[in-house]
J.: 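My questions will all concern the structure given below.
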Protein chains: 2
Amino acid sequence: MTVFFSKKCEYALQAILLMAASEHESVFPDEEISKKLNIPKEFISKFLQSLTESGLIESKKGKSGGFRLAKHPSKIKLINIVEAIDGLDSFNTCVLGFPKCSAENPCPLHDKWGELRIKAYEMLSEKNLEHFKEITVQKINSI
Amino acid sequence: MTVFFSKKCEYALQAILLMAASEHESVFPDEEISKKLNIPKEFISKFLQSLTESGLIESKKGKSGGFRLAKHPSKIKLINIVEAIDGLDSFNTCVLGFPKCSAENPCPLHDKWGELRIKAYEMLSEKNLEHFKEITVQKINSI
DNA sequence: CTTTAATCAGATAAAATAATCCGATTATAA
DNA sequence: TTATAATCGGATTATTTTATCTGATTAAAG
């Protein structure tokens, strides 16, 4: 396996990047997200519901409804999505799976992995969605 | 989820660290590995077989049989185990799950993730098992 | 030669994750 | 007010991963 994010989380990150890259307050129905990102349509409501519960997006029922960001892109960071979907446990567990790995009882990779973990966290939290607009548009157009 | 290694791979890394930390040429039956590392006994043969096929360890059948390293610990690196169990695909795929992520069509995290991936690879390949002997002994004694 | 203790290999079961389906509800717009 | 198009939520299915079971084989030791 060797996954970093679950599929749900990957999809959620892609979807929210897509929303942030578009006109503010645009509403996206499942169908549109599915087509633009090649995500199984029926699966979308599953992870977008989690994001709705977390207050990151809002859902609008009925005709011409769909999902949209609940905040301005500048107020959202990728780590918020990861936390909502996968949680932050993996930033605190031993990479080798040893129990009670700590500075007192470190595993052979404890220190190195600790550094990488911090860098990974930074990667997800140092920028907000506003910063990713342009590159996201380009990426999506290339799919 | 947000896993880095599969459970199989974690177990395999732990098991091979254990073997490398002991007297050279010691033979370890399933039972012993299971007890020392709290790994389900029946599951051990599953991933140790993969390591046997890869030539990292040898299995000895019959009474007083078991598994032992096929090479000196100084000739084995953690990346060898990862490659044998999980493969190296994750070092080449997009962290956000976008298709065809590349320098020409990068995802928003392409560069940052690229750096981290290299550091992760280094973490697994810069040292050999000989280096981890002492810390492994301490870690296992603390379980 | 027989007993014993181990791996091996294949089948199966359980659990987690990913994907699909469908009826109920909701709200827009004709 | 009615038809339409969307989410919502629960149930179900499929797939993958993890774990267990069992019988066959092997080899050491008495």
Side-chain angles (χ1 to χ4, degrees), chain A residues 1-15 19 25-70 82 84-87 89-90 93 97, chain B residues 1-15 19 25-35 37-70 82 84-87 89-90 97:
Chain A
M1 201 184 3
T2 324
V3 167
F4 196 68
F5 299 128
S6 68
K7 221 84 185 95
K8 258 187 199 169
C9 193
E10 283 182 6
Y11 290 158
L13 288 164
Q14 291 185 17
M19 293 191 213
E25 305 230 318
S26 296
V27 172
F28 296 82
D30 283 357
E31 184 83 28
E32 186 178 349
I33 298 174
S34 168
K35 280 189 178 154
K36 289 212 171 128
L37 298 173
N38 280 313
I39 299 175
K41 186 184 171 232
E42 319 290 345
F43 199 40
I44 289 178
S45 65
K46 284 288 163 287
F47 55 83
L48 287 194
Q49 274 170 35
S50 306
L51 295 186
T52 305
E53 286 164 25
S54 315
L56 292 166
I57 62 177
E58 293 170 342
S59 75
K60 201 182 161 205
K61 282 191 181 179
K63 186 163 177 175
S64 74
F67 298 94
R68 73 171 173 199
L69 296 185
V82 175
I85 304 284
D86 281 344
D89 279 2
S90 67
T93 53
Chain B
M1 202 185 5
T2 324
V3 167
F4 196 67
F5 299 129
S6 68
K7 222 86 185 91
K8 258 188 198 170
C9 193
E10 283 183 6
Y11 289 158
L13 288 164
Q14 290 185 16
M19 293 191 214
E25 304 230 319
S26 295
V27 171
F28 296 82
D30 283 357
E31 184 82 30
E32 187 178 348
I33 298 174
S34 168
K35 281 189 177 156
L37 299 173
N38 280 313
I39 300 175
K41 186 184 171 232
E42 321 290 344
F43 198 40
I44 288 177
S45 66
K46 284 287 164 288
F47 55 83
L48 288 193
Q49 275 170 35
S50 306
L51 296 186
T52 305
E53 285 164 24
S54 315
L56 292 167
I57 61 177
E58 293 169 343
S59 75
K60 201 183 160 206
K61 281 192 182 179
K63 188 164 176 176
S64 74
F67 298 95
R68 72 171 175 202
L69 297 185
V82 175
I85 304 284
D86 281 345
D89 279 2
S90 66

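Both backbone and side-chain heavy atoms feed into the values below; hydrogens, waters and symmetry mates do not. Below, chain A is the first sequence line, B the second, and so on; all start at residue 1.
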J.: With heavy atoms under 4.0 Å as the rule, sort A:Q49 into base, sugar-phosphate or nothing.
T.: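 Base contact.
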J.: With respect to the side chain of B:S64, which nucleotide from D:dA28, D:dT7, D:dA19 is positioned closest?
T.: D:dA28
J.: Applying a 4.0 Å non-hydrogen cut-off, can you work out what B:F47 is touching in the nucleic acid: base, sugar-phosphate, or nothing?
T.: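 Contact class for B:F47: none.
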J.: Could you walk me through whether A:E32 and A:K35 pass the salt bridge (Lys or Arg N to Asp or Glu O under 4.0 Å) test, one step at a time?
T.: CA-CA 5 Å; A:E32 186 178 349; A:K35 280 189 178 154; over 6 Å; no
J.: Can you tell me if A:Y11 touches the phosphate of C:dA19, counting only side-chain N or O atoms and a distance under 4.0 Å to OP1 or OP2?
T.: yes
J.: Heavy-atom distance under 4.5 Å between the side chains of B:I39 and B:F47, does that happen here?
T.: yes
J.: Between C1' on D:dT7 and CD1 on A:I57, what's the gap in Å once rounded to a whole number?
T.: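 Going from CD1 in A:I57 over to C1' in D:dT7 covers 11 Å.
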J.: Can you tell me how far apart CD1 (A:I44) and CZ (A:F28) are? Round to the nearest 0.5 Å.
T.: 11.5 Å
J.: Please give, in whole Å, the distance from D:dT4 P to A:E31 CD?
T.: 17 Å
J.: Answer with base, sugar-phosphate or nothing: what part of the nucleic acid does A:G65 contact at a heavy-atom distance below 4.0 Å?
T.: sugar-phosphate
J.: Could you tell me whether A:K46 contacts a base, only the sugar-phosphate backbone, or nothing, with contacts defined as non-hydrogen atoms closer than 4.0 Å?
T.: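 Base: the residue A:K46, judged by heavy atoms under 4.0 Å, touches a nucleobase.
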J.: B:K8 NZ to D:dT16 P: how many Å, rounded?
T.: 13 Å
J.: Taking side chain as C-beta onward, heavy atoms only, is A:E10 less than 4.5 Å from A:F4?
T.: no
J.: If I take atom CZ from residue B:F67 and atom CG from residue B:L51, how far apart are they, to the nearest 0.5 angstrom?
T.: 9.0 Å
J.: Nearest-Å distance, NZ (A:K60) to P (D:dA6)?
T.: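 For the pair A:K60 NZ and D:dA6 P, the rounded distance is 12 Å.
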J.: Using the side-chain heavy atoms of A:K61, tell me which of these nucleotides is nearest: D:dA19, C:dT7, C:dA27.
T.: C:dA27
J.: CD of B:E42 versus P of D:dG23: gap in Å, rounded?
T.: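 It works out to 13 Å between those atoms.
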J.: Using a 4.0 Å heavy-atom cut-off across all strands, classify B:S45 as base, sugar-phosphate, or nothing.
T.: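 Answer is nothing: B:S45 stays at 4.0 Å or more from every strand.
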J.: Can you tell which of C:dA18, D:dT20, C:dC21 lies closest to the side chain of B:P40?
T.: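 Looking only at heavy atoms from C-beta outward on B:P40, the closest nucleotide is D:dT20.
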J.: Where the side chain of B:K63 is defined as all heavy atoms beyond and including C-beta, which of D:dA11, C:dA29, C:dT4 is the nearest nucleotide?
T.: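 Out of D:dA11, C:dA29, C:dT4, the nucleotide with an atom closest to B:K63's side chain is C:dT4.
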J.: What's the CD1-P distance between B:I44 and C:dA6, to the nearest Å?
T.: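 Computing the B:I44:CD1 to C:dA6:P distance gives 13 Å.
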J.: Taking atom C1' of D:dA19 as reference, at what distance in whole Å does atom CG of B:L48 sit?
T.: 15 Å
J.: Which whole-number value in Å describes the distance from B:F5 CZ to D:dT16 P?
T.: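 Computing the B:F5:CZ to D:dT16:P distance gives 22 Å.
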J.: Measuring from the side chain of A:K7 (C-beta onward, heavy atoms only), which nucleotide among C:dT20, C:dA19, D:dC21 has the closest atom?
T.: C:dA19
